[in-house]
Amino acid sequence: MRLPIPAVLLVLAVLPLVGVSAVEGDKDKEKGAAALGLLKAIDDGFVQIFEKVAPTVVVIDTSKRPVEDDDDLPGGFEFFFNDGRPSLRDSEKEAGPRAPKSPGTITRSEGSGFIVRRDGYVLTNEHVVADAEKITVRLKDGRTFPAKVIGTDDRTDIAVLKIEAKDLPTVEWGDSEKLRVGQLVCAIGTPFSQDYSFTVGWVSGKNRTNLLGPTSPTILYEDYIQTDAFINPGNSGGPLFDVEGKIVGMNTLINGLGRGLAFAIPAGMLQEVGQQLIARGKVQRPWLGIRIQALADNSTLRAHLPGVEQGVVVLTVEADAPAYHSDLRPADVITEVDGVKVASANDLQKLILKKKIGQPVQLTVWRAGSSMQIAVATAELPVEFTKVANAAPSKELPAAKAETLGLKLRDGKPTGAQVVSVAPGSPAAHAEILPDDVITEVESKPVNDAAGCVSAIATGLVTKGNKGILLNFERRGQRAFVIVNPHLPTLP
């Protein structure tokens, strides 16, 4: 059954008719009866939706050994599964600190999932089953089965489980791309061990990204559906579905209890990742090897690059990645991918993920006041890749040959200007430049040695003034950039 407009609006529309039916004539009684009939139809509709979807939903019990506390998760957004204690930082402010667990204690946690194939394949969140020593899946009819993990993908927080059962009821997929803000959606899960809890709300937003921050090791591919359907710990891995009972997402994140801020992985991503995990136990993805941000979200760089209105800023280029072997540089602004305009990191990510591994991609890039074309061939995203290391500087560095902005520099090998030391409190220190970094460009122009770097910075101070100086650098193989504000005082 599909309701033509949100049910609450219908209820508000018919309630006045119910009220006047008792005091007015026969026509009002007829209207009141019609209104009550409509309310009953809405009521029956929600019951039918629940009865359709609930048999496809499972309760997932896991046994785990306790891990280190998760207070280092950024941004206040956290995963939500139920282990018998408050699992969100904000709830702990009211409930008090968690009681410590002994290292050998086995803890029990509950999450949710849903059946996607009749022969026992179940989709859930990766964080629900991560580090589990034992996993049990319980069906709506009360049957329980031991489950094994077929594959997990920590970059999307999706996992596939397998139970030995046949002829199981399966979910019906909806089209998350066609989902509209304001559309009515429902959820089923196991909040605080309350099995098969059913809640209703609306789609509050789409394409939500950067919820865990750009440096989070947990999620790299974000395209969340936001909903105000009531979600709590234990709903993790459970379905978000429309009024036809079609799955449009998987509930995954919340921000504080009772805030109406819940987020779901869209069905399109679930199907693509789930199919790969079932087929080969892992997910293969193309990548360029860049960290990116919408130009609109980087006001400092936007002010530094007049002439480009929108695009995606290259923050860093990973060591030995496909982009590393191209002419793409940090601080470049990608405006198009194969002729398709991009305005956000999510736009670019979606376009790249549609490419085949090894396929050439033509990027339109804005750099130093002009537009250019740069070709990059995708490669398969490795399980691990070289990251910037905030490692201690070399114990011994040659004497400096030049100094500027609180930087002592020497000639780089084979080129560039290597940082020997950074004065505490200096403009360079505020920009988080580290010893051993090698400055390769100043204002998008290559520098060959320490003297050339100092000269280029001096020229930049004259031409850029209060906008800061753009420095490209390499740190342990990774390329990045900073904008140094020369007007910050150096502390004594």
Side-chain angles (χ1 to χ4, degrees), residues 153-157 209-210 212-223 269 272-273 276 282-295 297-298 301 311-340 342-367 372-391 416 432 434 436-441 444 446 470-482:
D153 181 46
D154 60 359
R155 301 185 190 279
T156 55
D157 192 32
T209 59
N210 298 323
L212 297 186
T215 61
S216 169
T218 308
I219 297 289
L220 290 183
Y221 297 102
E222 300 173 279
D223 187 20
M269 183 181 292
E272 179 184 350
V273 172
Q276 289 201 52
K282 66 175 185 176
V283 179
Q284 292 178 307
R285 293 188 179 91
W287 83 318
L288 300 182
I290 56 177
R291 293 179 183 263
I292 53 179
Q293 180 185 38
L295 180 62
D297 296 335
N298 193 321
L301 187 61
V312 177
V313 181
V314 178
L315 299 178
T316 58
V317 179
E318 300 295 340
D320 203 35
Y324 187 91
H325 300 288
S326 74
D327 191 38
L328 196 65
R329 304 176 190 175
D332 284 350
V333 180
I334 301 172
T335 58
E336 296 180 8
V337 176
D338 288 334
V340 179
V342 294
S344 68
N346 193 46
D347 291 342
L348 189 146
Q349 184 182 95
K350 282 184 174 180
L351 290 171
I352 297 302
L353 288 176
K354 291 178 181 177
K355 306 297 181 182
K356 296 179 180 179
I357 295 172
Q359 181 177 350
V361 177
Q362 195 73 18
L363 304 178
T364 303
V365 171
W366 179 271
R367 179 192 299 165
M372 62 184 68
Q373 299 294 315
I374 296 177
V376 184
T378 67
E380 182 178 351
L381 176 67
V383 175
E384 295 182 1
F385 51 87
T386 304
K387 300 177 181 178
V388 158
N390 292 320
E432 299 183 352
L434 301 176
D436 274 343
D437 289 351
V438 177
I439 299 171
T440 57
E441 296 182 11
S444 300
L470 176 65
L471 304 181
N472 283 30
F473 66 91
E474 288 200 14
R475 179 179 297 166
R476 292 186 173 273
Q478 189 184 63
R479 295 170 180 165
F481 77 91
V482 293

Test log, rule side-chain contact (heavy atoms from CB on, under 4.5 Å), inputs Leu301 and Phe481: CA-CA 10 Å; Leu301 187 61; Phe481 77 91; 3.9 Å; yes

query: Can you check side-chain contact (heavy atoms from CB on, under 4.5 Å) on Val273 and Arg155, steps first, answer last?
result: CA-CA 10 Å; Val273 172; Arg155 301 185 190 279; over 6 Å; no

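- To the nearest 0.5 Å, atoms CD1 (Ile439) and CZ (Phe473) are separated by 9.0 Å.
- For the pair Val342 and Thr335, the minimum side-chain heavy-atom distance is 4.5 Å or more.
- Taking CG from Leu288 and CG from Leu348, the interatomic distance works out to 7.0 Å, rounded to the nearest 0.5 Å.
- Looking at heavy atoms from C-beta onward, His325 lies in side-chain contact with Asp320 at the 4.5 angstrom threshold.
- Using a cutoff of 4.0 Å between basic side-chain nitrogens and carboxylate oxygens, Glu380 and Arg285 are not scored as salt-bridged.
- The CG atom of Leu363 lies 10.5 Å from the CD atom of Glu336; values are rounded to the nearest 0.5 Å.
- Using modelled atom types, one side-chain atom of Arg479 and one backbone atom of Tyr324 make a donor-acceptor pair closer than 3.5 Å.
- Taken from CG in Asp437 to CZ in Arg475, the straight-line distance is 4.0 Å, to the nearest 0.5 Å.
- Val365 has its side chain out of reach of Val333: every pair of non-hydrogen atoms, C-beta onward, lies at least 4.5 Å apart.
- The pair Asp327-Arg367 counts as a salt bridge, with a side-chain nitrogen and a carboxylate oxygen less than 4.0 angstrom apart.
- In this structure, the side-chain contact (heavy atoms from CB on, under 4.5 Å) partners of Gln359, at least two apart in sequence or on a different chain, are Lys355, Lys356, Thr378.
- The OH atom of Tyr221 lies 9.0 Å from the CG atom of Asp153; values are rounded to the nearest 0.5 Å.
- In this structure, the side chains of Leu315 and Ile292 stay at 4.5 Å or more apart for every pair of heavy atoms.
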field: Asn472 and Ser444: CA distance, side-chain angles, deciding distance, side-chain contact (heavy atoms from CB on, under 4.5 Å) verdict
entry: CA-CA 7 Å; Asn472 283 30; Ser444 300; 5.6 Å; no

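- Using a 4.5 Å heavy-atom threshold, the side chains of Asp332 and Ile374 count as touching.
- Looking at Glu318 and Arg291, a side-chain N of the basic residue comes within less than 4.0 Å of a carboxylate O on the acidic one, giving a salt bridge.
- Judged as a side-chain contact (heavy atoms from CB on, under 4.5 Å), and not counting sequence neighbours, the contacts of Asn346 are Asn207, Thr209, Asp223, Ser344, Gln349, Lys350.
- Once rounded to the nearest 0.5 Å, the distance linking CD of Glu272 with CG of Leu353 reads 7.0 Å.
- Put simply, the side chain of Val376 reaches to within 4.5 Å of the side chain of Pro322, judged on heavy atoms.
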